[in-house]
Amino acid sequence: MNRAGPIYLDWAATAPLDRRVADAMCACLADPAAQANPSSGHASGRAAAALVARARGEVAALIGAPAESIVFTSGATESVNLAILGTARASPREHRHVVCSRVEHRAVTGACRQLEREVFEVSWLSPAAGGAIEPAAVAAALRPDTALVTLMQVNNETGALTDIAAVAKLCRERSVPLHVDAAQSAGKLPIDVAVDDGIALLSFCAHKLGGPKGIGALYQRRQPRPALQPLMSGGSHEAGLRPGTLATPQIVGFGAACRIARESLATEPARIRALRERLWQALQPAAPLWRNGVAEPSAPGILNAGFAGVEGESLLLALDGEVDVASGAACHSAVAEPSDVLRALGRSDLAIQASLRFSLGSGTTEAEVDRAAGLVVAAVRRLRSVLPAGALERVA
Amino acid sequence: MNRAGPIYLDWAATAPLDRRVADAMCACLADPAAQANPSSGHASGRAAAALVARARGEVAALIGAPAESIVFTSGATESVNLAILGTARASPREHRHVVCSRVEHRAVTGACRQLEREVFEVSWLSPAAGGAIEPAAVAAALRPDTALVTLMQVNNETGALTDIAAVAKLCRERSVPLHVDAAQSAGKLPIDVAVDDGIALLSFCAHKLGGPKGIGALYQRRQPRPALQPLMSGGSHEAGLRPGTLATPQIVGFGAACRIARESLATEPARIRALRERLWQALQPAAPLWRNGVAEPSAPGILNAGFAGVEGESLLLALDGEVDVASGAACHSAVAEPSDVLRALGRSDLAIQASLRFSLGSGTTEAEVDRAAGLVVAAVRRLRSVLPAGALERVA
Amino acid sequence: MSGEPLRYSPRVRELFAALPGGGALAPGEGVTVNGEAAALERGAWVRFEARVSGGRLADCAFRAWGCPHTLAAAAWLAQAMRAAPVADLRPAEVRELAHEIEAPAAKLGRLLVVVDAQSALLAAARAVQ
Amino acid sequence: MSGEPLRYSPRVRELFAALPGGGALAPGEGVTVNGEAAALERGAWVRFEARVSGGRLADCAFRAWGCPHTLAAAAWLAQAMRAAPVADLRPAEVRELAHEIEAPAAKLGRLLVVVDAQSALLAAARAVQ
Ligand SMILES: Cc1ncc(COP(=O)(O)O)c(C=O)c1O
Ligand SMILES: Cc1ncc(COP(=O)(O)O)c(C=O)c1O
C-alpha cells in the first residue's frame with residue numbers, strides 16, 4: 001500500500017495486488033491478441049483459450065491438482081456455495097446430512113443454513129479452545145447419510161489451523177466428500193490434494209494471495225469425482241459446472257499470483273510468522289491484552305488480540321488513517337455485531353468488541369509492524385486514560 | 001484487434017477492451033490507494049468503496065437508473081440467473097407461471113428449464129418471422145399466476161429487436177415483473193428504465209460494451225421492488241443479494257465503459273448500422289445467400305447470413321485466421337448443433353449450418369468490412385467450386 | 001470482520017481527537033461531585049466529575065467507555081457545563097445533543113447514558129449547594 | 001454461437017487449403033466413370049469422377065460438400081487412386097483413412113460416406129473394363 005497512507009494490516013480481508021500480477025494483467029488487458037472470447041472457436045478465440053489454459057495449469061499446480069480439475073468462479077464465495085449447495089443437491093436422496101462448524105466463513109454457514117431450509121440436517125461442530133476443529137469431532141459427527149463435510153483450513157478471524165490431512169483421511173475412509181474452504185490458506189501454507197486425496201472439493205480465490213479480486217477456483221477431484229449441481233445455467237463452460245464468458249485477464253492474473261505464491265511457499269510462511277510474533281511482542285505494553293485463538297498451530301499471518309477496557313469502535317477511530325485493521329465485530333449498524341467465531345471461542349461480547357484482527361502478508365515489513373504496534377499501544381493508552389474507575393476490569 | 005491478425009467481426013461474443021477502459025483499469029490495478037476490500041470500514045477500505053460508488057453511478061446512468069438499484073455480479077449469465085431464479089423462487093406460492101421465449105440466450109432458457117424442474121410452468125413464446133417477440137404474444141401468455149416475464153431486448157444471434165417498451169407497458173398494467181436480458185443492447189441502443197418503468201429487472205455485462213470480462217450488473221427497480229432470493233450466501237454485500245468481495249478494478253472498468261458507451265450512443269448506432277448494411281451489400285457476390293432475421297428493427301451491429309451450398313465448418317476453416325466470425329451452429333462435438341434460435345425462425349438444419357453471424361462494434365472500420373466481405377465471398381466460391389452437381393440447391 | 005464505513009461528523013472527530021475534559025479534574029477550590037451511568041450492553045459507561053464553587057460548576061471533567069459519539073458527547077457536555085451556574089443547568093435533551101454532534105439515530109440509546117450521567121451530576125451538584 | 005476450437009491436423013489443413021483434384025476432371029483419353037454417396041443428415045456428400053484408360057484410373061477428381069475432414073479425405077483418396085490399376089484398387093478402410101488424415105473418431109460417420117462414394121466409383125470402373 002501507499003507508504004504515505006495507513007499501514008495495511010488487513011491482508012486477510014484482501015491482499016494488495018502483487019505488482020508482477022498487475023503487470024501481467026495490464027499486458028493482457030491491452031494485448032489485441034487476448035481480447036476474444038476464449039469459448040469462440042476462431043483463431044482469436046483460440047489465442048485467448050491458450051492463455052486461460054496456461055493459467056489453469058498454474059492455479060492447479062498451487063494445490064497439486066491437474067489442470068482439468070479446476071473450475072473458475074467469481075471468487076471463494078461462489079466456489080464455496082457451488083461446492084456446498086452443489087454437492088448436497090446432487091447427492092442421493094438418502095444422504096441428507098451435512099457436517100459443518102460454527103467458525104466457518106459466512107459463505108459456508110450461509111450455504112449450510114440454506115440447506116437446512118431445504119431438506120438437510122446440519123451438524124454444527126464447535127471448535128476446540130484454540131479455535132480449530134478436532135478431527136475427532138468430525139469422526140463423531142459422521143453418519144451413514146452424511147452427504148458432505150465442509151470445513152475451513154485456516155480461520156479468517158483467528159488464524160486457527162484445522163488438521164485437514166487428518167479430516168481428509170477420515171472422510172476418505174468413510175467415503176464422504178470433504179469440501180475445504182482454503183480461502184485463507186491457499187498460497188500461504190502448502191496444500192497438496194494429490195497427497196490429501198480425501199479432499200473432494202477445495203475453494204480458494206485470487207485476491208487473498210496477491211491476485212485480482214473477482215476470480216476464484218473450485219477444485220473438483222477426478223477420482224472419485226463428487227457430483228455437483230451447478231448454481232446457474234447458461235452454457236457448457238467449465239465442464240458444465242459454471243457458465244458465463246471466461247474473464248481472460250482475471251484468470252491470467254490468478255495464474256500469475258498462484259505461480260508467485262507457490263515459489264514463495266518455502267520462505268514466506270516463516271518470515272510472516274516471525275513478523276506476527278514480533279507484532280505480538282511489540283503490543284505487550286498495551287497490557288492487559290489477550291490473544292484470541294492459540295499461537296500455534298495457526299496460519300502465519302493472523303493475530304487476533306483483545307485490549308481490556310477498550311471499546312472497539314473508538315479504537316478503530318483512534319487508529320483511523322494510520323493503521324488499517326479489522327475489528328472483532330462487524331459494524332453493520334450502530335450496534336456492532338460480535339463475531340460468531342470469537343463467540344464460539346467463548347469470548348464475551350465485550351471482549352470481542354475490544355478485539356482487533358491484525359493480518360500480515362507478503363508486503364509487510366518489520367518497520368510497519370513496529371510502527372503499527374506503537375500506534376496501537378498509544379491509542380489503547382489514550383482511551384484507557386479516560387476510563388471510569390473499574391471499567392478496565394469490568395469491560396472485557 | 002491486432003491489425004496484423006484476423007479481422008474481428010465477433011463483437012457480439014465479446015468486444016475488445018476499449019483502450020480508455022484498459023487505462024482506467026491498469027491505473028486502478030496499480031494504485032496503492034485502491035487495493036483494500038471495499039467492504040472494510042478502515043480508511044483504505046473507504047477509498048476503495050468510493051471508487052465502487054462512482055462506478056456504480058456510471059453503470060446506473062447508462063440505463064437511466066439510480067445508483068442504488070444496481071447489483072454487481074460476475075456477468076450477464078449470473079445477472080440473468082439471479083433475476084429469473086431469484087424472482088420465481090421469491091414469488092408467492094400461488095404465482096407459479098413464467099413467460100419466456102424460444103430465442104433467449106442459454107442462460108435464460110437454462111434458468112427457465114431449471115424452474116420447470118422445480119414447481120413452475122413456463123410459456124415458451126415463439127418469435128415472429130423476423131425473430132422478435134410480439135408484445136401481443138406476451139399479452140396472450142400472461143395469466144393471473146404469472147410470476148415473471150423474461151425477454152431479451154436484442155437477440156444475440158440475429159440482432160432481432162423486441163419492442164421492450166410495449167412489453168414493459170403491458171407488464172406494468174398487469175403488475176407482472178418483467179426481466180429484460182439487455183446483454184446485447186445495453187450501451188448499443190438507448191435504454192431508460194425511468195421511462196420504461198415496467199422493467200423490474202434488467203441484466204447486462206461489461207464485456208459486450210467495451211468493458212472487462214467477468215463483471216455484470218442486475219438492475220432492480222426500487223418502486224415497486226421485485227423480491228429476489230439470492231443464488232448464494234456469504235454476506236450483506238450488494239444489499240444482501242450478491243455476496244463476495246467486490247472487484248474494484250473490474251467495477252471501475254465497467255463504470256468507464258458505461259460512461260464511454262453512453263457518450264457514444266448519439267452517433268455509434270447509426271455508424272455501425274451503416275457498416276452492417278455495407279457488409280451485406282459487399283457479400284452479395286456470394287449469392288445465393290440470405291439473411292436470418294429481418295433487417296429492421298434490429299440491433300445495429302449484427303448480421304446473420306447464410307450461404308447456399310456451403311458447409312459451415314468448412315467455411316469457418318476457410319476463413320480461419322483471416323476473419324473471426326461466429327457460426328450458426330455450435331460445434332461442441334464433431335456434429336455441430338444447429339442454433340435453437342435459427343431453428344425457431346424456421347430455418348432448416350442445413351441452412352443453419354451454412355450461416356455465419358457477423359457482428360460489428362465500435363472498432364469496426366469500412367476497410368475491415370470490405371476486406372472481410374471479400375474474403376468470405378472468395379471462400380464461399382472456392383467451396384462451391386467443388387460442390388457435386390445439385391448440392392447448391394439441395395443443401396440449405 | 002467488515003462493515004459499514006465509519007462515518008463521523010467533523011465535530012465528533014475533533015472532540016474525539018482532543019477529548020477535552022477527559023480524565024481527572026484539575027485541583028482547585030470547591031466541593032467535588034460526580035454523576036455516573038452505565039449500560040454495558042448498550043455500549044456506554046459515563047462518569048462526570050465537577051467542582052462546585054460559588055454556585056457554579058467551577059470545573060467539569062468526564063470519564064467514559066464507549067463509542068466515539070459517546071466520548072464526544074461527554075466531552076461536549078463537560079465543556080458546555082463548565083463555569084455555568086448550577087441553578088441554570090438542566091439535563092440535555094438527547095435529541096439536541098445528537099443534533100449538536102451530528103450523531104445518527106441509532107446512537108440515541110448511548111447518548112441517553114451520557115444524559116443520565118449528566119442528570120446524576122446535576123442532582124449531586126444541587127445537593128451540595 | 002461458440003464451441004470447441006477447430007482442431008485439424010497439418011495434413012487436413014494442407015489438403016483443405018489446396019483441395020487437389022477438386023472439381024472437374026481434366027480432359028483426356030478414356031472412359032469417364034463416377035461414384036457418389038450422400039448422407040446430408042450426417043453432413044457429407046461426395047462424388048468421385050475418374051477416367052479409366054488402359055486398365056488404370058488415368059485421372060481422378062472429386063466433388064464434395066462436407067466438413068474439412070470430408071473434403072480432405074476425398075482429396076487424399078482421389079490422389080491415392082490416381083494412376084493405379086483398377087484391378088488393384090480396394091475401397092479404403094474407414095479407420096485407415098481416419099488415421100491417414102488424423103481425423104477424430106467422431107468424424108468416422110462422414111468418412112464412411114467418402115468410402116461409399118469410392119466404392120461406387122470402383123464398381124463403376126470395374127464395370128467398364
Ligand atoms: C475463509 C474464507 N472463506 C471465504 C471467503 C470469501 O471470499 P470472497 O469474498 O473473495 O468471495 C473469505 C473471504 O473473506 C474467507 O476468509
Ligand atoms: C443475450 C445474452 N444474454 C446473456 C449473455 C451471457 O453473458 P456472459 O457470458 O457475459 O455472462 C450473452 C452473451 O453471450 C448474451 O448474448
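Sequence lines set the chain letters: A, B, ... in the order given, protein chains first and strands last, and positions in each chain run from 1.
For a residue to count as touching a neighbouring chain, one of its non-hydrogen atoms must lie under 4.5 Å from one of that chain's; by this rule A:Glu104 does not touch chain B. With a threshold of 4.5 angstrom between heavy atoms, A:Leu17 approaches chain B through its backbone and through its side chain. B:Leu85 touches chain A through its side chain: at least one heavy atom from C-beta onward sits under 4.5 Å away, while N, CA, C and O do not. For A:Thr109, no part lies under 4.5 angstrom from a heavy atom of chain B. Heavy atoms of A:Leu246 lying under 4.5 Å from chain B belong exclusively to its backbone. Only the side chain of B:Asn81 comes within less than 4.5 Å of a heavy atom of chain A; its backbone N, CA, C and O stay farther away. Residue contact with chain A, scored on non-hydrogen atoms closer than 4.5 Å, involves the backbone of B:Val325 exclusively.
A salt bridge is absent between A:Arg46 and B:Asp324; no separation between the charged side-chain nitrogens and carboxylate oxygens falls under 4.0 Å.
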Please test A:Leu29 against B:Val21 for side-chain contact (heavy atoms from CB on, under 4.5 Å), starting from the C-alpha separation and ending with a verdict.
CA-CA 9 Å; A:Leu29 288 167; B:Val21 175; over 6 Å; no
Please step through side-chain contact (heavy atoms from CB on, under 4.5 Å) for the pair B:Arg242 and A:Ser74, ending with a clear verdict.
CA-CA 11 Å; B:Arg242 208 288 183 169; A:Ser74 63; 2.9 Å; yes
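Interface check for chain A: of the options B:Pro243, B:Ala47, B:Gly321, the most heavy-atom pairs under 4.5 Å are formed by B:Pro243. Counting heavy-atom pairs closer than 4.5 Å to chain A, the top residue among B:His105, B:Glu78, B:Glu322, B:Met25 is B:Glu78. If you tally non-hydrogen atom pairs under 4.5 Å between each of A:Ser233, A:Gly234, A:Cys26 and chain B, the highest count goes to A:Ser233. Taking chain A as the reference chain and counting heavy-atom pairs below 4.5 Å, the highest number among B:Arg113, B:Gln114, B:His207 is found for B:His207. The most heavy-atom pairs under 4.5 Å with chain A, out of B:Gly253, B:Gly244, B:Gly214, B:Ala22, come from B:Gly244.
Side-chain contact between B:Met232 and A:Leu231 is present, with at least one heavy-atom pair separated by less than 4.5 Å. Residues B:Gln35 and A:Thr14 have side chains not in contact (no heavy-atom distance under 4.5 Å, counting atoms from C-beta outward).
Smallest separation of non-hydrogen atoms from B:Asp320 and A:Ala43: OD1-N, 3.5 Å.
Proximity of a side-chain donor or acceptor of B:Lys213 to a complementary backbone N or O of A:Gln250 within less than 3.5 Å is not detected.
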